[in-house]
Asker: 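The structure under discussion is supplied below as structure tokens; questions concerning it will follow.
For clarity, every value in this text was computed on a predicted model and none was experimentally measured. For the single chain, residues carry numbers from 1 onward in sequence order.
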Amino acid sequence: MDSESVAPTKDPKPEPQNLAILYVDDEPDNLELFSIHFQQDYTIHTATSAAEGIQIMEAKEISLLLTDERMPGMNGIEFLEQVVERWPETIRVIVSAYSDSERLLRAINQGHAHEYIVKPWRRKELRDCLDRSLSMAMRRRSLYRRARLSDALTQELQRESKTEIVGEKGGLSNVLTVARKVANTETSVLIRGETGTGKEVVARYIHTHSTRAAGPFIKVNCAALSETLLESELFGHEKGAFTDARNRRIGRFELAHKGTIFLDEIGDISPKLQVMLLRVLQEKEFERVGGTKSISVDVRVIAATNRDLESAIENETFRQDLYYRLNVFPLNLPPLRERPEDIEELLHFFLRKYKHLQGNIPKLSDSVVSDLQANDWPGNIREFENMVQRALVILDSDVLGSEHFYFDVMPAKQTSHLRADKENTQFEAIRKALEANHGNCTRAAKALGIARTTFNSRAKKFGLI
């Protein structure tokens, strides 16, 4: 295997102006909204039919294709079949509604699409998909230009892109070494770590280094949905299963067939769903909500949590047998405060990612890196990314310094006395914000201009919530 397949951080970064995106949808409003959001950062072409899309692909070099499924004339699946045959190097994404779940499943399992986005899409989710797909497109372009498709090359392409992870040779080197070893097994993996440490990124890293890389990677945030909605999300439902079940819906486990399902915040699922999940892990089968037919699936499960599952087992809120099924191979992600050597690389990474906010990448002051390294970052990489983005928004010069980050930036040589003063200031700020907002943490965090997770972490630290 060449170095490209094992060293994702060395892959060439795609330059948006050199990689063209084609979005095909028969609804002009969708095309217009897509262009408004992304035309400043990417080279975009749009078409209102598959036939028009083919004409564009014949005239332009398209690296990434996004297509609706339900269109007059040639539908999305038929369109993708032609694209696979004529332009196999093009990365393909379906943009469709949940009502098309069976078509989504078929398209992914048959290799017509690499990924799907559900309508109505969220801007950040779609942007992440575009960046991820363009990274894959850059690597595929290099491979296709080296040689014609042979059996060996086909196997290489099926491994998909390797997720870029900052810190592979720094604070995450040990974790990723182990992750690569477990990737090509069928073992369940439980990723532990604080909020914002990058658990989903590592889960995708495992998937893209595994023999399932050509299959789908399906993610579910278990904490974001109620028990009833999460059951339907995971296992699907039959028509008429409940009041609003007007059509059959394919669940995430079915969509993940032959691939990987990532269950984020697994510690938040209810006892009922714990039992159902245990059965899937043991027997590889389940029933849709309202259904009687058992459905078999071939899925690799990666779960993640920031909770203390051992304490949850003692308190009888989490099943011990499910814990053992999930925790076959544990991975513990270090918090950002234990990875100061990665701060500079992360800073440059996010400056490149958000350079559109300034039009270019600013220079750095002499002290900004050391100041950032000295900060606690209780929100970890997620907080760090938000702060870099915010700093670029308020930047009014060509030099980025510590003053462009909020008050939590801590000078590297700060004395214990100054640290205590800073904590007193934080305490008073958080106390007053809570008081002014009648104990509402979300509004208090917004008033201070910091992330909700950061606010909660500090408020708990000071015993205010």
Asker: First locate atom CD1 of I56, then atom OG1 of T46, and finally report the distance between them rounded to the nearest 0.5 Å.
Answerer: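 Atom-to-atom, I56:CD1 and T46:OG1 are 6.5 Å apart.
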
Asker: Determine the minimum heavy-atom distance between A256 and I261, stating which atoms define it.
Answerer: CB-CB, 4.0 Å

Asker: If you count every heavy atom of other residues, nucleotides or ligands that lies below 6.0 Å from Q40 atom CD, does the total exceed 12?
Answerer: no

Asker: Does M74 offer a backbone N or O that forms a donor-acceptor pair with the side chain of E78 under 3.5 Å?
Answerer: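 Not confirmed, E78 side chain does not pair with M74 backbone.
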
Asker: Under 4.5 Å between any side-chain heavy atoms of L22 and K60, yes or no?
Answerer: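 The answer is no; the side chains never approach within 4.5 Å.
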
Asker: What pairs meet the side-chain hydrogen bond (donor to acceptor under 3.5 Å, both in side chains) rule with one or both residues in residues 358-368, with sequence neighbours excluded?
Answerer: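 Pairs touching residues 358-368 that pass the test: none.
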
Asker: How about K284: does its NZ atom have over 12 heavy atoms from other parts shown lying under 6.0 Å from it?
Answerer: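 Yes, enclosed.
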
Asker: Identify the heavy atoms of L230 and L225 that sit nearest to each other, and give their distance.
Answerer: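 For L230 versus L225, the nearest heavy atoms are N-CB, 4.0 Å.
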
Asker: Which atom pair, heavy atoms only, marks the closest approach of P216 to H207?
Answerer: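 Closest approach of P216 to H207: O-CE1, 3.4 Å.
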
Asker: Before accepting this row, confirm whether a basic side-chain N of the pair R212/E186 lies closer than 4.0 Å to the acidic partner's carboxylate O.
Answerer: yes

Asker: First locate atom CD of E125, then atom CD1 of I117, and finally report the distance between them rounded to the nearest 0.5 Å.
Answerer: 4.5 Å

Asker: Considering residues, nucleotides and ligands other than Q274, do more than 12 of their heavy atoms fall under 6.0 Å from its CD?
Answerer: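 Enclosed.
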
Asker: Please state whether the rings of F38 and W121 are parallel, tilted or perpendicular, taking 30° and 60° as the class boundaries.
Answerer: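 If you compare the ring of F38 with that of W121, the planes turn out tilted.
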
Asker: Step by step, would you call F286 with L234 a side-chain contact (heavy atoms from CB on, under 4.5 Å)?
Answerer: CA-CA 10 Å; F286 60 91; L234 289 173; over 6 Å; no

Asker: Distance from R92 atom CZ to L66 atom CG, nearest 0.5 Å?
Answerer: 12.0 Å

Asker: Answer yes or no: is there a side-chain heavy-atom contact under 4.5 Å between L331 and I206?
Answerer: yes

Asker: If you round to the nearest 0.5 Å, how far is SG of C222 from CG of D264?
Answerer: 7.5 Å

Asker: Are any of the side-chain heavy atoms of L346 and F350 separated by less than 4.5 Å?
Answerer: yes

Asker: Just to verify, what does F253 make a ring-ring contact (aromatic ring centres under 6.0 Å, His included) with, not counting sequence neighbours?
Answerer: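 F253 satisfies ring-ring contact (aromatic ring centres under 6.0 Å, His included) with F235 once adjacent residues are dropped.
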
Asker: Just by distance, do the side chain of R288 and the backbone of I250 share a donor-acceptor pair under 3.5 Å?
Answerer: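 Flag not set: sc R288 to bb I250 has no pair under 3.5 Å.
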
Asker: Parallel, tilted or perpendicular, judged at 30° and 60°: which one describes the rings of F384 and W377?
Answerer: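 Aromatic pair F384/W377 classed perpendicular.
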
Asker: Under a 4.5 Å cut-off applied to non-hydrogen side-chain atoms, are F262 and V189 in contact?
Answerer: no

Asker: Verify, without hydrogens or angle tests, whether K199 (side chain) and E194 (backbone) share a donor-acceptor contact under 3.5 angstrom.
Answerer: yes

Asker: S133 side chain to L130 main-chain N or O, any donor-acceptor pair under 3.5 Å?
Answerer: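 No; judged by distance alone, with no hydrogens or angles, the pair does not exist.
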
Asker: Return yes if some donor-acceptor pair links the side-chain N/O of R300 with the main-chain N/O of T187 below 3.5 Å, else return no.
Answerer: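 Here the side-chain-to-backbone pair exists.
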
Asker: Checking the side chain of N184 only, and the main-chain atoms of T211 only, is there a donor and an acceptor separated by less than 3.5 Å?
Answerer: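 Yes.
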
Asker: Can you find a pair of side-chain heavy atoms, one from L263 and one from R252, that are under 4.5 Å apart?
Answerer: no

Asker: Any sub-3.5 Å donor-acceptor pair from D376's side-chain atoms to P378's backbone N or O?
Answerer: no

Asker: For T90 and I62, indicate whether the former's side chain and the latter's backbone hold a donor-acceptor pair under 3.5 Å.
Answerer: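 Indeed, once roles are kept as given, a pair shorter than 3.5 Å links the two residues.
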
Asker: Do T197 and N380 have a side chain donor and acceptor closer than 3.5 Å?
Answerer: no

Asker: Taking all heavy atoms of V175 and all of P334, pick out the closest pair and write down the distance.
Answerer: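 Smallest interatomic distance, heavy atoms only, reads CG2-CD, 4.1 Å.
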
Asker: Counting C-beta onward and ignoring hydrogens, is there a side-chain heavy-atom pair between L19 and I21 closer than 4.5 Å?
Answerer: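 A side-chain contact is absent here, since even the closest heavy-atom pair is not under 4.5 Å.
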
Asker: Determine the minimum heavy-atom distance between L31 and T48, stating which atoms define it.
Answerer: CD1-CG2, 3.7 Å

Asker: Within a strict 4.5 Å, meaning less than it, do heavy atoms of the V368 and V399 side chains meet?
Answerer: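 No. Closest side-chain heavy atoms not under 4.5 Å.
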
Asker: Counting distance only, does the side-chain N/O of T185 pair as donor-acceptor with the main-chain N or O of V182 below 3.5 Å?
Answerer: yes

Asker: Between Y42 and R127, is there a side-chain heavy-atom distance shorter than 4.5 Å?
Answerer: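 They are in contact (side-chain heavy atoms under 4.5 Å apart), so the answer is yes.
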
Asker: At what distance, to the nearest 0.5 angstrom, does CG of L229 lie from NE2 of H237?
Answerer: 10.5 Å

Asker: Does E52 form a side-chain contact (heavy atoms from CB on, under 4.5 Å) with V24? I'd like the steps, not just the answer.
Answerer: CA-CA 8 Å; E52 183 183 357; V24 181; over 6 Å; no

Asker: Looking only at heavy atoms, which two atoms of T305 and G267 are closest? And how far apart?
Answerer: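 Nearest heavy atoms, T305 then G267: OG1-N, 3.8 Å.
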
Asker: Output yes when a side-chain donor or acceptor of N30 lies under 3.5 Å from a complementary backbone atom of D25, and no otherwise.
Answerer: no

Asker: With side-chain contact (heavy atoms from CB on, under 4.5 Å) as the test, would you mind laying out the steps for V220 and I269 before giving the verdict?
Answerer: CA-CA 11 Å; V220 184; I269 65 173; over 6 Å; no

Asker: Between E227 and S270, do the side chains contain a donor N or O and an acceptor N or O under 3.5 Å apart?
Answerer: yes

Asker: Drop me the distance from S296's OG to E254's CD, to the nearest 0.5 angstrom.
Answerer: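 Nearest 0.5 Å value for the OG-CD distance: 10.5 Å.
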
Asker: Working note: E58 + I54, criterion side-chain contact (heavy atoms from CB on, under 4.5 Å); need CA distance, chi angles, decisive distance, verdict.
Answerer: CA-CA 6 Å; E58 288 175 338; I54 289 176; 3.9 Å; yes

